[in-house]
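Worksheet: the structure to be examined is printed underneath.
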Amino acid sequence: MAHIVQPLDQPSNYKDSQARVDRQRQQDLLSKSTTLYIGNLSFYTTEEQIYELFSKCTSPEDGGGIKRIIMGLDRNTRTPCGFCFVEYYTQAEALACMRYVSGTKLDERIIRCDLDLGYKEGRQFGRGKSGGQVRDEHRQDYDPGRGGWGAQAQRLEIERRREVEERYADAQDGPGAVAGGGGDWKESDAPAAMESKKRGRSPDDDGDSARHGQRSRMEDLDGERM
């Protein structure tokens with residue numbers, strides 16, 4: 001039975017291509033490692049959430065506990081991109097977390113844990129062409145917890161929208177295009193048109209006004225006499 005059921009604290013056969021070590025040397029390093037690699041995290045999972053979950057298998061009173069957490073970051077935007085490293089003070093705690101925490105849910109995602117060779121500066125950044133993880137570079141499904149569509153699918157969508165906008169701009173400028181706007185000439189010419197419709201004042205108008213004023217004064221005098 002021991003050969004049928006694989007131990008839950010057994011590290012995977014994953015080999016880091018940048019580690020520059022052979023299989024034997026890798027096994028030696030893993031046998032002493034106190035660092036876990038955590039994958040399939042949501043981009044929105046915080047360091048505090050990771051600490052709370054992965055400290056459940058630690059024994060701070062015995063000198064153990066989590067030494068540090070290194071969040072995986074997008075190489076270009078410096079934002080979380082779905083993985084992290086958790087370093088413990090003892091290997092027993094790291095193996096215990098592999099046994100009891102790996103395969104559980106965090107932020108509604110099933111996370112996976114693997115024993116790591118040990119964190120080195122620079123490993124916190126994604127290795128994908130777009131700055132994130134390689135797995136998100138070619139992903140074809142929509143995953144809201146990991147930025148939506150995969151990086152390649154997002155680039156294709158951006159290019160498609162750009163082509164549509166360029167075709168629309170060409171249609172607007174090309175032969176047979178319907179001119180837009182046209183409201184400016186109405187505003188600028190309307191006052192001039194209104195002024196042109198007004199009749200100019202003539203000398204006859206001044207005479208009529210004077211005669212009208214004389215009649216008004218005579219009527220006032222007649223009213224006083226009455």
Side-chain angles (χ1 to χ4, degrees), residues 5-60 62-139 143 145-147 150-151:
V5 180
Q6 184 177 0
L8 297 177
D9 56 3
Q10 184 71 26
S12 71
N13 292 322
Y14 172 77
K15 186 177 186 301
D16 188 352
S17 59
Q18 296 185 358
R20 310 293 184 187
V21 295
D22 56 25
R23 285 288 182 180
Q24 184 59 46
R25 177 58 177 162
Q26 175 173 303
Q27 292 301 323
D28 293 341
L29 292 173
L30 290 177
S31 65
K32 304 173 183 177
S33 176
T34 61
T35 303
L36 291 182
Y37 171 89
I38 317 300
N40 200 39
L41 291 172
S42 167
F43 288 3
Y44 306 102
T45 299
T46 64
E47 185 174 334
E48 289 76 12
Q49 290 174 283
I50 295 170
Y51 185 89
E52 181 180 0
L53 177 61
F54 283 89
S55 61
K56 293 184 181 297
C57 298
T58 60
S59 303
D62 296 331
I66 294 177
K67 186 176 182 180
R68 60 175 175 168
I69 296 174
I70 301 98
M71 298 295 292
L73 302 176
D74 186 290
R75 188 174 62 253
N76 300 324
T77 63
R78 296 300 196 265
T79 56
C81 64
F83 72 99
C84 75
F85 298 94
V86 179
E87 186 176 342
Y88 294 89
Y89 283 102
T90 67
Q91 189 187 44
E93 292 172 315
L95 295 178
C97 281
M98 279 186 63
R99 188 180 301 116
Y100 299 116
V101 178
S102 183
T104 60
K105 275 190 175 183
L106 178 60
D107 264 354
E108 299 302 317
R109 303 184 66 85
I110 297 177
I111 60 175
R112 60 179 183 274
C113 308
D114 197 8
L115 203 60
D116 190 77
L117 296 177
Y119 172 76
K120 291 183 179 179
E121 186 62 31
R123 292 190 64 200
Q124 73 270 37
F125 299 122
R127 299 176 183 177
K129 292 181 179 179
S130 300
Q133 287 193 274
V134 176
R135 59 166 293 197
D136 290 313
E137 191 73 26
H138 307 284
R139 183 167 47 78
D143 190 340
R146 296 182 70 89

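For reference, positions follow the sequence shown, starting with 1. If you're wondering where the values come from, they're calculated on a predicted model, not measured in any experiment.
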Quiz item: Should the pair Asp143-Arg109 be classified as a salt bridge under the 4.0 Å nitrogen-to-oxygen rule?
Solution: yes
Quiz item: Does the side chain of Phe83 reach to within under 4.5 Å of the side chain of Gln124, using non-hydrogen atoms?
Solution: no
Quiz item: Does CD belonging to Gln49 count more than 12 external heavy atoms closer than 6.0 Å?
Solution: yes
Quiz item: Under 3.5 Å, side chain of Asp74 to main-chain N/O of Asn76, donor-acceptor pair present?
Solution: yes
Quiz item: Is any side-chain heavy atom of Leu115 less than 4.5 Å from a side-chain heavy atom of Gln10?
Solution: no
Quiz item: Counting only heavy atoms not in Arg20, do more than 12 fall under 6.0 Å of its CZ?
Solution: no
Quiz item: Relative to Tyr37, does Arg112 satisfy both conditions: NZ or CZ under 6.0 angstrom from the six-membered ring centre, and within 45 degrees of the ring's axis?
Solution: no
Quiz item: Is the closest basic N to carboxylate O distance between Lys67 and Glu87 below 4.0 Å?
Solution: yes
Quiz item: Are the side chain of Asn40 and the backbone of Ile110 linked by a donor-acceptor contact shorter than 3.5 Å?
Solution: yes
Practice problem: Without swapping roles, check the side chain of Asp114 against the backbone of Ser12 for a donor-acceptor pair under 3.5 Å. | Solution: yes
Self-check item: Ion pair check, Arg25 and Asp22, cut-off under 4.0 Å
Solution: no
Exercise. Considering non-hydrogen atoms only, spot the tightest contact between Arg146 and Gln133 and give its length.
Key: NH2-OE1, 2.7 Å
Quiz prompt | Under 3.5 Å side-chain donor-acceptor pair for Ser130 and Glu137 | solution = yes
Self-check item: Least distance between heavy atoms, Cys113 atom then Phe54 atom
Solution: SG-CE2, 3.6 Å
